[in-house]
Novice: 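Got a structure here, written out as structure tokens. Questions coming.
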Amino acid sequence: MAEHYSAAQQEALEEFQSDIGHLNALSNENRQRLLMILGAAKDSQGLKVNDLAEEIGLSQPATSHHLKALKDIGMVDSHQEGNIVYYYLTLDDTIARLERLTDALKRRNSTTEK
């Protein structure tokens with residue numbers, strides 16, 4: 001089936017497939033809320049799971065689950081001090097991925113409009 005795609009369509013499809021983890025993570029409302037809370041955090045050290053759980057109204061295990069999903073794809077990272085883990089945003093790769101996907105879709109769209 002790939003032989004029926006133009007080069008621009010194939011590029012957009014490949015970019016989309018490589019970014020599916022990020023897109024899935026962004027499709028979850030709780031993960032979106034966690035990203036917004038972490039993005040608005042005034043503490044450069046990061047935020048603790050319990051504080052994040054309280055802020056979004058989920059249990060600590062549910063919040064940890066969402067943070068792990070975000071950490072696995074590089075949207076969030078953490079550091080530990082003693083037995084306390086602090087989470088913070090690391091969106092540089094995510095922003096670059098979304099820009100590449102947007103650019104590929106724009107190129108694909110511009111070739112189909114001609």
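Fair warning: this is a prediction, and the values are worked out from it, not measured in the lab.
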Novice: For the side-chain contact (heavy atoms from CB on, under 4.5 Å) test, which of Asp77, Leu52, Leu47 pairs with Tyr87?
Specialist: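 That would be Leu52; it is the only one of Asp77, Leu52, Leu47 passing the side-chain contact (heavy atoms from CB on, under 4.5 Å) with Tyr87.
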
Novice: Of all the heavy-atom pairs spanning Ala25 and Ile73, show the shortest one and how long it is.
Specialist: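 Minimum heavy-atom separation between Ala25 and Ile73: CB-CD1, 3.4 Å.
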
Novice: More than 12 heavy atoms of other residues, nucleotides or ligands under 6.0 Å from CD of Gln32: yes or no?
Specialist: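 Yes, the 6.0 Å shell around CD holds more than 12 heavy atoms from other groups.
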
Novice: Determine whether Arg31 and Leu26 make a side-chain contact, defined as any pair of heavy atoms from C-beta on separated by less than 4.5 Å.
Specialist: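 Sidechains of Leu26 and Arg31: no contact.
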
Novice: How long is the straight-line distance from CD1 of Ile37 back to CD of Glu55, given to the nearest 0.5 Å?
Specialist: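 The CD atom of Glu55 sits 4.5 Å away from the CD1 atom of Ile37.
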
Novice: Distance from Asp51 atom CG to Gln60 atom CD, nearest 0.5 Å?
Specialist: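 Separation between the atoms: 11.5 Å.
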
Novice: Quick check for you: to the nearest 0.5 Å, what is the distance between Lys68 atom NZ and Asp72 atom CG?
Specialist: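 These two atoms lie 3.5 Å from each other.
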
Novice: Can you confirm whether Gln80 sits close enough to Tyr86 that some side-chain heavy atom of one is under 4.5 Å from a side-chain heavy atom of the other?
Specialist: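 No, side chains not in contact.
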
Novice: Is any side-chain heavy atom of Val85 less than 4.5 Å from a side-chain heavy atom of Lys48?
Specialist: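 They are not in side-chain contact.
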
Novice: Between Thr90 and Gly74 (side chain of the first, backbone of the second, donor and acceptor by atom type, cut-off under 3.5 Å), is there such a pair?
Specialist: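 Pair found, side chain donor or acceptor close to backbone of Gly74.
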
Novice: Given 3.5 Å as the limit, does a donor-acceptor pair link the side chain of His79 with the main chain of Gln45, or not?
Specialist: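 It does hold such a pair.
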
Novice: In Å, rounded to the nearest 0.5 Å, how long is the span from OG of Ser64 to CG of Asn50?
Specialist: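 Between Ser64 OG and Asn50 CG, I get 8.0 Å after rounding to 0.5 Å.
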
Novice: Hey, are the side chains of Val76 and Leu34 touching, using non-hydrogen atoms and a 4.5 Å cut-off?
Specialist: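 Side-chain contact under 4.5 Å: no.
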
Novice: Applying the 4.5 Å side-chain criterion to the ILVMFWY set and letting contacts propagate, would Ile56 and Leu35 be lumped into a single cluster?
Specialist: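 Ile56 and Leu35: one cluster.
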
